[in-house]
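This report concerns only the one structure given below.
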Amino acid sequence: MTPSVRPPRIAVAGMAIESSAYSPHRAGYRDFATLSGAEVLDRYGFLAPGSELAASAEWVGVFYARSLPGGQVPADVYDDFRRRIVEGLRREHEREPLDGILLDVHGAMSVEDMDDAEGDLVGAIRAAIGSGPLISASMDLHGNLSERFVQACELITCFRLAPHEDAAETRERAARNLVRHLRAGERPVRAWSRIPILLPGEKTSTRVEPAKSLYQRIPPIEASEHITDASIWIGYAWADEPRCHASVVVTGTDADRVRDAASGLAGELWAVRDDFGFVGPPGTLEEGVERALASPGKPYLISDSGDNPGAGGTGDVTWTLSRLLRMPELTADDAPVTYCASVFDQVAIEELFSATVGAQVSVNAGARVDSRVCGPALVEGVLVARFEGDPSAGRIAVVRRGGLHVVITEFRKAFHDVADFRAIGLEPEDADIIVTKIGYLEPTLYDIAAGWTLALTPGPVDQDLGRLGHERIVRPMFPFDSFDAEPDLTAVVYR
């Protein structure tokens, strides 16, 4: 490549969802928020008018779709979104040649009857625009990389924090890396190492070791001459495809340096594989409630981890709620104030919105999408509040039985932020116990928690991977199998 004599022309597009192969939910049109044209650029603060990056290139918004994690995407929905991306990029490239693509994806999208959805997407993009423009992909560290994807993208980077407090920073880094290479006229090389490790995110949080130190190894590598980026993908454990595994990618301008750096980082990950453990104190639901009742501080948080919508859970598994409703220590009139969020059920919401606030109600809720581990929960109590207009949840009702406040929503919603509770009149710091469908605690809940149990509950994102029954991952795979010999982690270089 030769340095461009004009500002590089870069298109922005993407499609992002984290999809559990073990969820009966299907992520259709309602699950996705979509943006087109200039709306896409407005999503990125680093492209705001007047910013350094905005002025460094001509940015063209094409199409972007994003969903709360869930189940697989129906083929027709995926095909429609892929068509909008590919045709938009082809149209822009024909109008005036594109120099680069900023591709914003998650990396763990599953589509019905398809393997490697992101690989399929980037393959279709390459077919439309050819091999000339550079593609810089921004991903979640819980994405799964395939060789097809790595071959098609010259620059790939991912989050370095779990929880993902650096999501915006990562997307900006992907943009900066792309502009840097286009302005220099350098076509990068990248080295990829596949590491046969598959672990849930709750065992690989960067809040704790060994992931904390592993990710701290990245800045010194990037500071090395001829290195652009170094990234570690832990992978997504609740899919079942050959690409489900950990990965390391290092990009730069010197093939030997990127290969050695990637191989070394992969070896460091493999060496600490036995050190990964749960980020929070694990236990059964019953143990979590016992600890909460004994806790001197409040609120005490309990994660209903098996049905975490933020990882692909259905959101209407009632296993936890049904057990809480049978606990007199939570449902008595003088019981501690407990919030349980949430289950979604459109039929239940219709019944609750036909009742009067303050009335005694009795409604079956949940398990309409996922009834495999538990049937609907019979929720009896006082209808204390109703809310409308939540962009994710639609209508919301709160039913109180003794100290237990049950949150029922019309559509799927993750209650992962204190603001989610405050929006429906439930002040988190007034609660003694908060039970919510989550894995590791997102920042605002983590900050207020006086104590915490990661409850190992069943569901589509069960922490016990052995209960799920992976059939299509490449074996041997840690921690499923033992290894007769050390795996070859030598990185493969792509130019």
Side-chain angles (χ1 to χ4, degrees), residues 18-22 107-108 110 115-116 139-147 149-150 158-162 191-218 230-250 259 261-280 282 305-306 308 311-312 439-440 454 456 458 460-492:
E18 189 175 52
S19 307
S20 170
Y22 303 99
S110 290
D115 276 348
D116 189 17
M139 300 178 67
D140 192 305
L141 64 84
H142 295 127
N144 294 315
L145 284 181
S146 67
E147 183 175 21
F149 190 89
V150 177
C158 70
F159 304 160
R160 296 170 182 175
L161 295 175
W192 172 54
S193 178
R194 172 194 175 278
I195 304 103
I197 294 174
L198 190 62
L199 293 168
E202 281 64 36
K203 283 191 173 181
T204 56
S205 171
T206 58
R207 281 181 177 146
V208 296
E209 299 295 351
K212 183 177 181 180
S213 292
L214 277 171
Y215 281 86
Q216 288 174 347
R217 286 280 296 115
I218 289 175
S231 292
I232 303 169
W233 283 257
I234 293 299
Y236 180 68
W238 295 293
D240 190 17
E241 299 179 22
R243 64 173 175 150
C244 295
H245 51 72
S247 290
V248 166
V249 173
V250 177
R259 182 188 60 244
S263 301
L265 198 53
E268 292 183 45
L269 172 54
W270 179 254
V272 296
R273 64 191 181 280
D274 290 314
D275 298 338
F276 288 99
F278 286 116
V279 60
S305 67
N308 170 20
Y440 53 64
L454 179 68
L456 303 178
V461 288
D462 197 322
Q463 298 292 322
D464 184 350
L465 301 185
R467 291 196 292 206
L468 296 175
H470 289 75
E471 297 178 346
R472 304 187 62 249
I473 57 176
V474 178
R475 312 297 283 262
M477 181 75 69
F478 178 86
F480 299 90
D481 307 302
S482 58
F483 285 74
D484 296 331
E486 293 292 294
D488 182 3
L489 303 178
T490 305
V492 179

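- Although no hydrogens or angles enter the test, the distance criterion places a donor-acceptor pair under 3.5 Å between the side chain of H470 and the main chain of A237.
- Between C244 and I473, the shortest heavy-atom distance links the atoms CB-CG2, 3.9 Å.
- For the atom pair CH2 of W192 and CH2 of W233, the computed distance is 11.0 Å after rounding to the nearest 0.5 Å.
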Decide side chain to side chain contact (heavy atoms under 4.5 Å, CB included) for L161 and Y215; before the verdict, give the C-alpha distance in whole Å, the side-chain angles of both, and the deciding distance to 0.1 Å.
CA-CA 8 Å; L161 295 175; Y215 281 86; over 6 Å; no

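- Counting only distance, with no hydrogens or angles, the side chain of R259 and the backbone of A191 share no donor-acceptor pair below 3.5 Å.
- Looking at heavy atoms from C-beta onward, D462 lies out of side-chain contact with Y22 at the 4.5 angstrom threshold.
- Between L489 and S263, every side-chain heavy-atom pair lies at or beyond the 4.5 Å cut-off.
- To the nearest 0.5 Å, atoms CG (L141) and CE (M139) are separated by 10.0 Å.
- In this view, F159 and H164 satisfy the ring pair (Phe, Tyr, Trp, His ring centres under 6.0 Å) rule, not counting sequence neighbours.
- L199 has its side chain within reach of P479: a pair of non-hydrogen atoms, C-beta onward, lies under 4.5 Å apart.
- Heavy atoms only, all atoms of each residue included: P476 and S482 are closest at CB-O, 4.1 Å.
- Rounded to the nearest 0.5 Å, atoms CG (L145) and NE2 (H245) are 7.5 Å apart.
- Residues that satisfy the side chain to side chain contact (heavy atoms under 4.5 Å, CB included) test with P210, not counting sequence neighbours, are V272, D275, F276.
- Atoms NE2 and SG, on H142 and C158 in that order, are 9.5 Å from each other to the nearest 0.5 Å.
- No side-chain heavy atom of D140 sits under 4.5 Å from any side-chain heavy atom of Y236.
- Closest non-hydrogen pair, G312 versus P460, comes out as O-CB, 4.3 Å.
- Without hydrogens or angle criteria, E241 side chain to D116 main chain gives a donor-acceptor distance under 3.5 Å.
- Contact annotation: the side chain of L265 approaches that of R217 to within less than 4.5 Å [non-hydrogen atoms, C-beta and beyond].
- Residues D464 and L456 form no side-chain contact, since every pair of their non-hydrogen atoms from C-beta on lies 4.5 Å or further apart.
- Side-chain atoms of S205 never come within 3.5 Å of backbone atoms of V279 as a donor-acceptor pair (strictly under, hydrogens ignored).
- W270 and F483 have perpendicular rings, their planes meeting at more than 60° on a 0 to 90° scale where under 30° would count as parallel.
- One distance of note links CG of L198 with NZ of K203; it measures 11.0 Å at 0.5 Å rounding.
- Closest heavy-atom contact between R194 and V474: NH2-CB, 3.3 Å.
- For Y440 (side chain) and F278 (main-chain N/O), no donor-acceptor pair under 3.5 Å exists by modelled atom type.
- Between M477 and I197, the shortest heavy-atom distance links the atoms SD-N, 3.4 Å.
- Side-chain atoms of I195 and R273, non-hydrogen and from C-beta on, never get closer than 4.5 Å to each other.
- Between L269 and A246, the closest heavy-atom pair is CD2-CB, 3.9 Å.
- Between the CD1 atom in I234 and the CG atom in L214 there is a gap of 7.0 Å [rounded to 0.5 Å].
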